[in-house]
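Following: one structure in structure tokens, then a few remarks.
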Amino acid sequence: MILPFSTHFKDGSKTNFIKKIWAGLIKIDDTDEILESINLRLAYIRESEGADHPVRRFLPVSEFGLRGIRPKLHSMREDKKDRWHAGSKIHMVVFNRTKNQFRFAPVIDCISTQAVEIINRENYSFVSVDHRCLFEQDTRTVYFTPEFFDLIKNDGFEDADQFFDWFKRDFKGKIIHWTDLKY
């Protein structure tokens, strides 16, 4: 199934989701197949950036530009039709439903899913995974678990402000995992 990713946040800054996902894929499985697939996609990106005579060259992992990048290990999506489940094939793309749609990673399996709920209102915020509260804040108190900050980072966000800016409205869906990670 197609899993589209944004290239920019709502404020216009880059998400770097492609590199964050690559960083996670390389860490979980550095097989030749993964590396070759990423290399081919890098070559394609370089070709499409406008060189008159593009040259495909394969890069060593050290040149992928991933040093210091925290991996994106999952993605949160609405799933009203309950289509995402363990074993689903994940086709990660950018520019979905355009002539520039591009699959930037090899097809991989969904390892598992978890229910996620986010409530983000003016005076109240709440985040739960599998019906277990990871974060709750009202005008008087704040409760959080260390897993809340792991959830934010592993989904590709820099901090809680960026996370809640992305999820400005109430959200119910699934965390789509392509690693063994669970909360």
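Side chains included, hydrogens not; waters and symmetry mates left out as well; all remaining heavy atoms used. Computed from a predicted structure; not experimentally measured.
- In terms of heavy atoms, Asp138 sits closest to Thr141 at OD1-N, 2.7 Å.
- The nearest pair of heavy atoms linking Ile69 to Ala23 is O-CB, 4.1 Å.
- Side-chain polar atoms of Thr98 and Asn100 form no donor-acceptor pair below 3.5 angstrom.
- Note: the hydrophobic cluster containing Ile119 does not contain Val142 (ILVMFWY, side chain heavy atoms under 4.5 Å, direct or indirect links).
- A distance of 8.5 Å separates CD1 of Ile118 from OG of Ser128, quoted to the nearest 0.5 Å.
- In this structure, the side chain of Asp11 engages the main chain of Ser13 through a donor-acceptor pair within 3.5 Å.
- Note on ring orientation: taking the six-membered ring where Trp is involved, the planes of Phe5 and Phe104 are perpendicular (angle over 60°, cut-offs 30° and 60°).
- In terms of heavy atoms, Gly87 sits closest to Asp109 at O-OD1, 4.2 Å.
- Under the 4.5 Å side-chain criterion, counting only non-hydrogen atoms from C-beta, Asn120 is not in contact with Phe171.
- Closest of all the heavy-atom pairs between Ile90 and Ile176 is CD1-CG2, 4.0 Å.
- No hydrogens or angles considered: a donor-acceptor pair under 3.5 Å links the side chains of Tyr183 and His74.
- Glu147 has its side chain out of reach of Phe135: every pair of non-hydrogen atoms, C-beta onward, lies at least 4.5 Å apart.
- Residues satisfying the salt bridge (charged side-chain N to carboxylate O under 4.0 Å, His left out) test with Asp180, not counting sequence neighbours, are none.
- Arg83 and Ser88 make their closest contact through O-OG, 3.7 Å (heavy atoms, listed as atom of the first residue, atom of the second, distance).
- Between Phe144 and Phe148, the distance from one ring center to the other does not fall under 6.0 angstrom.
- No side-chain heavy atom of Thr179 sits less than 4.5 Å from a side-chain heavy atom of Ile111.
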List the steps and the verdict of side-chain contact (heavy atoms from CB on, under 4.5 Å) for Lys72 and Asp155. CA-CA 5 Å; Lys72 179 171 172 60; Asp155 206 53; 3.4 Å; yes
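- Test Lys172, Arg169, Lys174 against Glu78 for salt bridge (Lys or Arg N to Asp or Glu O under 4.0 Å) and you get one pass: Arg169.
- Put simply, Phe149 and Phe126 are part of two different groups of oily side chains (I, L, V, M, F, W, Y) that touch within less than 4.5 Å, one to the next.
- Between Trp178 and Met92 the shortest side-chain heavy-atom distance falls below 4.5 Å.
- You'll find the side chain of Leu25 reaches within 4.5 Å of the side chain of Ile108, heavy atoms only.
- Scored by the ring-ring contact (aromatic ring centres under 6.0 Å, His included) test, Tyr143 finds no partners at all (sequence neighbours excluded).
- What you find for Trp84 and Leu3 is that their closest heavy atoms are CZ2-CD1, 3.9 Å.
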side-chain contact (heavy atoms from CB on, under 4.5 Å) assessment of Asp165 paired with Gln162: CA-CA 5 Å; Asp165 188 51; Gln162 193 177 56; 5.6 Å; no
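- Rounded to the nearest 0.5 angstrom, Asn123 CG and Thr139 OG1 are separated by 6.0 Å.
- In this structure, Phe167 CZ and Ser125 OG are separated by 13.0 Å, a value rounded to the nearest 0.5 Å.
- The cationic atom of Arg121 (NZ for Lys, CZ for Arg) does not lie both less than 6.0 Å from the six-membered ring centre of Phe164 and within 45° of the ring axis.
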Lys20 and Glu158: CA distance, side-chain angles, deciding distance, salt bridge (Lys or Arg N to Asp or Glu O under 4.0 Å) verdict: CA-CA 12 Å; Lys20 291 174 182 180; Glu158 297 300 319; 3.3 Å; yes
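- Taking 4.5 Å as the limit, some side-chain heavy atom of Val94 sits within range of a side-chain heavy atom of Ile18.
- Taking the side chain as every heavy atom from C-beta outward, Leu151 and Ile175 approach each other to under 4.5 Å.
- Put simply, the side chain of Phe95 reaches to within 4.5 Å of the side chain of Thr7, judged on heavy atoms.
- Here the CD atom belonging to Gln114 is positioned 6.0 Å from the OG atom belonging to Ser112, to the nearest 0.5 angstrom.
- More than 12 heavy-atom neighbours from other residues, nucleotides or ligands sit within 6.0 angstrom of NZ on Lys182.
- More than 12 heavy atoms of other residues, nucleotides or ligands shown are found within 6.0 angstrom of NZ on Lys10.
- Connection of Phe9 to Met76 is established within a shared hydrophobic cluster, with ILVMFWY side chains joined at heavy-atom distances below 4.5 Å, either directly or through further cluster members.
- Hydrophobic clustering (side-chain heavy atoms under 4.5 Å, transitive across Ile, Leu, Val, Met, Phe, Trp, Tyr) groups Phe17 together with Met1.
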